[in-house]
Amino acid sequence: MKALVSTVGRRLASLVLLLVVLTTLLFFLLRVTADQALVLAGPEASAEQVAAIRAQYGLDRPLLTQYVSYLGDLLRLDFGTSIISGQPAIAEVRARIWATVALAIAGMMTTIAISIPLGAWLGARPHTGGRRTLAAFVFLLQGTPGFVVALLLVQLFAVQLKWLPFMGYGSFATWILPTLTLASFLAPKLTRVVAANVNSALAEDHIRTARANGAAFTEIYWRHALPNALLGATALIGTQFAFLLSGSVITEMIFGWPGIGTLLIRSIQSADFAVVQAVTIAIAIMVFVVNALTDASFRLLDPRLRRAGS
Amino acid sequence: MTTQSRQQVIAVEDLVIEFPGEDGPTRVVDGVSLTLHRGETLGVVGESGSGKTMLSLALMALVPKPGSVRSTRMELLGKDARALDETQWCQIRGRDVGMIFQNPMTGFNPVRTIGRQISQSLQRHAGMGFNEARERVITALRDVGIPSPEQRFNAYPHEMSGGQLQRAMIALAMINRPAVLLADEPTTALDATVQAQILELMRARVEDCGLVLVTHDLGVAAQICDRVMVVRHGRIVEAGDCAEVLRAPRHEYTRALLEAAPRFTRRRLMQAPRVPTRPPLLEGRNLRVSFPVGKRQLHAVDGVDLDIWPGETVALVGESGSGKSTTALGLMGVHPLQGGDLRFAGDDVTHASGDRLKRLRRDLQMVLQNPYGSLDPRWSVRRILTEPLHAHGVGSRASREARVRELMDQVQLPVEALDRLPSSFSGGQRQRISIARALALSPRILIADEPVSALDVSIQAQIIRLLLEIQTRTGVAYMIISHDLALVHEIADRVIVLYLGRVVEQGTAQAVISAPQHPYTAALISAVPVVDDDGTRKRIVLGGEPPSPLNPPTGCPFHPRCPIAQDRCREERPPLAPTSGGSLAACFYPGEVEVDLRLSDAADG
């Protein structure tokens, strides 16, 4: 218990450090990329109008002063106001984050549901007949960009067959194409990793021990090879999920998905710094949590990582 | 033992195992015939590539694909084994035939407990429920000498030592009381002291089953085999009664193996110990290396004094975990020394860093144990040998090339091989490349960490001869780290024995090995399976394994395993002091444990 508390404590401390570095970098980098006052005033504005806007938003203050007041606001959990919508930035994030998280979960679940059985099957006997062909197809799919698959899916199911809506967010049908797009992007890689892991797990010394003691192939496969192979795949699942949480921008754009990916792109384009910052912080925290959970699941699954006595 | 009256459990005639290759099939086993009876131990002796492992796998129908197996007769317990299908084999494996593999560390599934893995075999073959199997497994673990088996039942493989795992492996192989036990190099991955324990255990546990012991080590075969079969390139070159074959080998190859096998009767290659006239080249006093483990410190090297004189050979011996390699890496500045005083040619190099450390490393070079892991597989030999010259900015392009050619010559490899990759060389050749690399900068001291233990016995002898030649020619001093005391006896001038990071005995090789003063040294020497052993050699088998350096015992660190420990040893730590045998030993009762070297008639140089 004491070990758990200290682990969580250490993790939280590193999260705080991460956020400090991230917000600092982000704050200054954003201000190098664009001048908010010019964007707000519009291309036709006179120098006086721009100056007035600067004064109104406090952009005329020295950058360091702005930074300090931004940090102060952050400590009070005030993420600033969107210059586009006039809403608090945090509200914008809150309104869209669940669409992204839910899509990420759906995409990951589908990926796992496809990749683990398929990879496990391919890895058991990789050089026989149909599996070889299928493995080659998976390899090809891994090299295909996600948006190509998305466009093909839209063309087939939405335009030609008219079975599914080609965009939108709501009914079950609207989820199918975005989810499949994400899965088509992630599944080939996970499939190949699972297949390779199963195959190398089958070549381990302990498999030979089990065989020498009369274990049949099914037992060897389910009891010895697969658990060891999936242990290795856990790390990839963790990184893939973290990647999905950072907003699969292209997928969200293609399907008009109201997630943080589209919000992030739109805010960057319109120099809506408060929202960019809020979205980035939200993503950082989510990725951090997913990574921590991945590590924790390793500890749970792999006896070699469990601490003796805890 | 009257084998005729006992049941014949294996009968194989004209066994052939082939693997397809680009130039037609390769025969790894070529017409081998053998029989085995209950209660009998057959040694299958050969070097790597002899086909001995495939032979044992064939007896269980475990030859990996795409290998093909055929024979004119293969009977297991009187039944034709050639007609069996995979389902029938699954019933036989582990029930009628048990197998012990070489590497116990990787032989168990890392994510399942030892107890479950052993119970599985009982549940499968004896139809037992888990609870019933559990009781049997705990008894079996106790029988193979695993302490507190109830707790160990729930241990994962990584929580147990190599020796313990090999005991568990034996328990697993024996759990269904098979009629045949196959053991493939069962002690090769273990320390000599643990090897002695395991061989003792196997001898005691074989009881009424037939044992096939596959080994490269005639010394091991001599310990427990009734009959031996010497194999080479898949063929039997000689077979017969074990003692008979060892006493009067008929085949030239058997003689060569015997010549290379460990024994203390061999003439020492280093005739008279060279008497140091100059001051030592390297002087270490009270050296310490420790590592943080959690909040505590693990003292891997705990106050070691060590000198190396120019041109001599000093051997560092001890079990794994005794601090031999850490001491070497401490001298090289790889692990920083936390304490003590280290001088090289009179200069203080204890905390050398940067340029001074680099300078020191020109004079101190190292050859590592595993020639398969210590050469970059993507680098040509030329690049491997040029690297040290390059790193230290030695010579011009042309002179480096000349040096590289000279090095190839020195290690007796053809200059044409310079452009080849390590993968095209055999283990022995790779070790020659490693030695050439270490010699590139003309070091004054070469540290060799188990330089031959990964090689076949006949290759070992060649490498040792090469090292000695180089020493004669260049005057380089060697510090050889080895667990092989017979080898040490042959080539070292002086021996330093380490236990738990401390020196327990040191002296001339002659004195230390023929008359060890510390009981630990005596046990190490006694644990070497020598071929001259006809079964009457008195052996000191140490109980248990070295304690953790995190929790060193009070008093003399060796007392929990010492056969002659007294009350005083539990309280006081004996200092390293001169003994009547001529060496220094850290023992209150030096020279009380005697060893049987089998030196009786043979003259020792």
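Here the structure is a predicted model, which means the values were calculated and not measured.
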Looking only at A:His224, A:Arg304, A:Glu204, most heavy-atom pairs under 4.5 Å shared with chain B are made by A:Arg304
Residues 210-219 of chain A vs chain B, non-hydrogen distance cutoff under 4.5 Å, contacting residues -> A:Ala210, A:Arg211, A:Ala212, A:Asn213, A:Gly214, A:Ala215, A:Ala216, A:Glu219
When the 4.5 angstrom heavy-atom criterion is applied to B:Met105 and chain A, the contacting part is neither
Assert top hit (heavy-atom pairs under 4.5 Å, partner chain A, pool B:Pro178, B:Ala61, B:Ser121) equals B:Ser121
The interface call for A:Ile207 against chain B, heavy-atom contacts under 4.5 Å, is neither
Checked B:Gln120, B:Met99, B:Met60, B:Arg124 vs chain A; the most non-hydrogen pairs under 4.5 Å come from B:Arg124
Q. When you check the side-chain N and O atoms of A:Asp205 and B:Asn103, is any donor under 3.5 Å from an acceptor?
A. no
Applying a strict 4.5 Å limit to non-hydrogen atoms, the region of B:Ile175 in contact with chain A is neither
Honestly, the part of B:Gln102 sitting under 4.5 Å from a heavy atom of chain A is neither
Per side-chain contact (heavy atoms from CB on, under 4.5 Å), B:Pro157 is matched among B:Arg112, B:Gln117, B:Gln164 by B:Gln117
Counting heavy atoms not belonging to B:Arg116, are there more than 12 under 6.0 Å from its CZ? no
Taking every heavy atom of A:Gln240 against every heavy atom of A:Thr111, the minimum-distance pair comes out as OE1-CG2, 4.1 Å
Output, in order, the C-alpha distance, side-chain angles, deciding distance and verdict of side-chain hydrogen bond (donor to acceptor under 3.5 Å, both in side chains) for B:Thr53 and B:Asp184.
CA-CA 7 Å; B:Thr53 294; B:Asp184 185 3; 3.1 Å; yes
Paired with B:Met54, the side-chain contact (heavy atoms from CB on, under 4.5 Å) test is passed by just one of B:Val214, B:Val29, B:Leu62, namely B:Val29
Open item on the list: Given the ring of A:Phe137, does A:Arg132 sit roughly above its face, with NZ or CZ under 6.0 Å from the centre of the six-membered ring and within 45° of the axis?
Closed with: no
Of B:Thr106, B:Thr87, B:Asn109, the largest count of non-hydrogen pairs under 4.5 angstrom with chain A goes to B:Asn109
Checking heavy-atom separations under 4.5 Å from chain B, one finds in residues 187-203 of chain A none
Closest heavy-atom pair, A:Ser297 versus A:Thr234, reported as atoms and distance to 0.1 Å, is OG-CG2, 3.7 Å
Bottom line for B:Phe101: the part with an atom under 4.5 Å from chain A's heavy atoms is side chain
- With a 3.5 Å cut-off and no angle check, do the side chains of B:Glu185 and B:His216 form a donor-acceptor pair? yes
